Protein chains: 2
Amino acid sequence: MTRFHQSVTTDIVIFTISDEQLKVLLIKRANEPFKDQWALPGGFLFEKEEPDKAVVRILWKKVEIKDVYLEQLYTFGSSGRDPRGRIITISYFALTPKDKIKIVVSDKVQTPTFRSVKQLPDIAFDHNRIITYALQRLRSKLEYTNVAYSLLPQYFTFNQLQRTYEIILNKKLDKRNFRKKFILLGLIKPTKKVLKGERQRPAKLYQFISRKPTELKKFF
Amino acid sequence: MTRFHQSVTTDIVIFTISDEQLKVLLIKRANEPFKDQWALPGGFLFEKEEPDKAVVRILWKKVEIKDVYLEQLYTFGSSGRDPRGRIITISYFALTPKDKIKIVVSDKVQTPTFRSVKQLPDIAFDHNRIITYALQRLRSKLEYTNVAYSLLPQYFTFNQLQRTYEIILNKKLDKRNFRKKFILLGLIKPTKKVLKGERQRPAKLYQFISRKPTELKKFF
DNA sequence: CCAAAAGTGTTGACTGTACACCCATGT
DNA sequence: ACATGGGTGTACAGTCAACACTTTTGG
């Protein structure tokens with residue numbers, strides 16, 4: 001059987017929450033095509049490299065991030081998506097709490113910047129479409145899994161948890177109902193810690209019982 | 001930027017229902033590796049070929065099927081999955097009513113056979129894993145979309161519809177509740193036709209209002 | 001004492017589930 | 001006449017959504 005040779009890349013949609021906004025990490029492209037435009041971090045797979053490993057490598061090399069929630073999204077391969085021709089990209093999405101990230105600006109890293117999904121700049125290739133797809137996936141995963149843990153620090157207040165949901169789903173939720181449902185689900189447990197020092201009543205801190213991906217039966 | 005060259009394939013999980021069983025189409029491999037073993041239909045992408053187009057081409061060439069429900073599943077690329085090394089496969093799943101298929105046995109087509117998912121033979125590569133993944137996807141899609149239309153003929157009885165669900169979900173459903181829910185969802189409508197000639201009371205024939213993929217709010 | 005977020009229950013509407021009998025036809 | 005699947009309604013339980021006030025702290 002004949003074997004044809006292909007160019008395969010990966011692109012990664014990295015989400016975090018900061019300033020009460022859902023943000024995506026973009027970098028300025030160093031090379032043509034789309035030189036100096038914003039794009040998702042990504043790159044070509046090495047020969048014989050596994051896609052999952054390539055993602056980890058690229059995350060580290062381009063934006064100095066590791067140990068994040070990672071999941072394959074979709075493989076895009078239409079001819080129009082890259083001016084160099086039909087280039088296949090296996091897209092991934094990543095979730096991380098914002099305090100885990102220290103973006104180092106240097107020559108190596110191409111000014112990675114978190115941008116609110118509500119006000120994205122012009123973006124190279126079909127990366128806008130990939131971001132839209134990732135956002136859909138994130139929204140539905142919120143509703144039937146415990147992925148929220150990967151956006152939050154180990155200890156968090158109920159309010160932080162609820163804000164995470166509200167920001168991503170882009171709608172207000174009822175405080176009492178939210179508590180009830182979440183406690184009933186049995187995903188989180190209270191700790192003995194409280195968050196003091198704010199200028200209101202201190203809030204109990206909770207933690208996820210398991211910080212591994214888990215599916216639920218029914219949800220929001 | 002350096003570009004590396006890769007081998008990219010596609011594999012297709014084609015489901016249908018016949019003899020009250022959910023079945024997958026397998027073919028006998030004509031070449032090494034795994035010569036003469038059962039495997040999913042698939043093949044290498046041509047240079048510059050779009051993955052979606054490659055799937056259509058391969059479906060036609062290998063099993064003489066066209067115009068089926070098609071959806072991308074997942075991209076597998078671990079090193080262990082093919083003895084020839086790290087070969088990437090973009091997997092798809094397809095759904096078709098059984099009467100739409102006329103499997104022609106010839107030299108060209110490698111004895112394609114539908115096998116019940118409950119009694120699969122030894123299967124080449126990691127295709128077992130791909131089938132398991134496809135089955136999960138099919139099950140969850142049944143619950144929040146109208147994909148069932150792609151497994152049924154244009155006109156069908158309520159019982160055929162219910163059996164489709166029961167076979168795939170692998171559990172009995174309540175007849176009255178099933179009707180109620182389905183009618184309430186507004187996905188199907190009664191026709192003036194009936195199915196006569198069986199040895200019981202003739203059944204009303206229904207059809208899907210839309211035979212396009214649609215998502216529902218809530219479901220089973 | 002004031003501002004700010006923390007924390008807490010009840011009710012009504014809706015949705016899902018369990019369940020049994022008569023009907024129309026072919027043989 | 002009988003065997004076979006076709007067709008129909010009700011009641012109970014569980015879940016979801018709406019809603020407002022008191023508490024605890026910092027300033």
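What you see is a predicted model, and the numbers here were worked out from it, not measured in a lab.
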Which is more 5' along DNA chain D, the nucleotide nearest A:Arg176 or the one nearest A:Lys196? Just name the residue.
A:Arg176
In whole angstrom, what separates [X]'s [atom1] from [N]'s [atom2]?
{"X": "A:Lys172", "N": "D:dA17", "atom1": "NZ", "atom2": "P", "result": "16 Å"}
{"X": "A:Leu195", "N": "C:dG7", "atom1": "CG", "atom2": "C1'", "result": "15 Å"}
{"X": "A:Lys181", "N": "D:dA18", "atom1": "NZ", "atom2": "C1'", "result": "13 Å"}
{"X": "A:Leu173", "N": "C:dG7", "atom1": "CG", "atom2": "P", "result": "17 Å"}
{"X": "A:Phe182", "N": "D:dC16", "atom1": "CZ", "atom2": "P", "result": "14 Å"}

Between A:Phe34 and A:Phe125, ring centroids under 6.0 Å
yes
Report yes if the distance between the aromatic ring centroids of A:Tyr206 and A:Phe158 is under 6.0 Å, otherwise no.
yes
Where do A:Ile88 and A:Arg81 come nearest, in terms of heavy atoms and distance?
C-NH1, 4.5 Å
List, with names and distances, any nitrogen or oxygen atoms from the protein found under 3.5 Å away from nitrogen or oxygen atoms belonging to nucleotides 10-13 of chain C.
residue	atom	partner	partner atom	Å
C:dT10	O4	A:Lys180	NZ	3.1

A:Thr145 side chain to A:Glu215 side chain, donor-acceptor N/O pair below 3.5 angstrom
no
Distances under 3.5 Å only, N/O to N/O: pair up the protein atoms with those of nucleotides 3-7 of chain D.
residue	atom	partner	partner atom	Å
D:dG6	OP2	B:Asn159	ND2	3.0
D:dG6	N7	B:Lys175	NZ	3.4
D:dG7	OP1	B:Lys204	N	2.9
D:dG7	OP2	B:Arg179	NH2	3.0
D:dG7	N7	B:Lys175	NZ	2.8
D:dG7	O6	B:Lys175	NZ	2.9

Any carboxylate oxygen within less than 4.0 angstrom of a Lys/Arg side-chain nitrogen, looking at A:Arg163 and A:Glu20?
yes
Going by the angle between their ring planes, with limits at 30° and 60°, are B:Phe208 and B:Phe182 parallel, tilted or perpendicular?
perpendicular
Assign the ring pair B:Phe93 / B:Phe15 to parallel, tilted or perpendicular, where the plane angle (0 to 90°) is split at 30° and 60°.
perpendicular
How long is the straight-line distance from CG of B:Asp126 back to CZ of B:Arg129, given to the nearest 0.5 Å?
6.0 Å
Hey, which sits more toward the 5' end of DNA chain C by its nearest nucleotide, B:Leu184 or B:Asp174?
B:Leu184
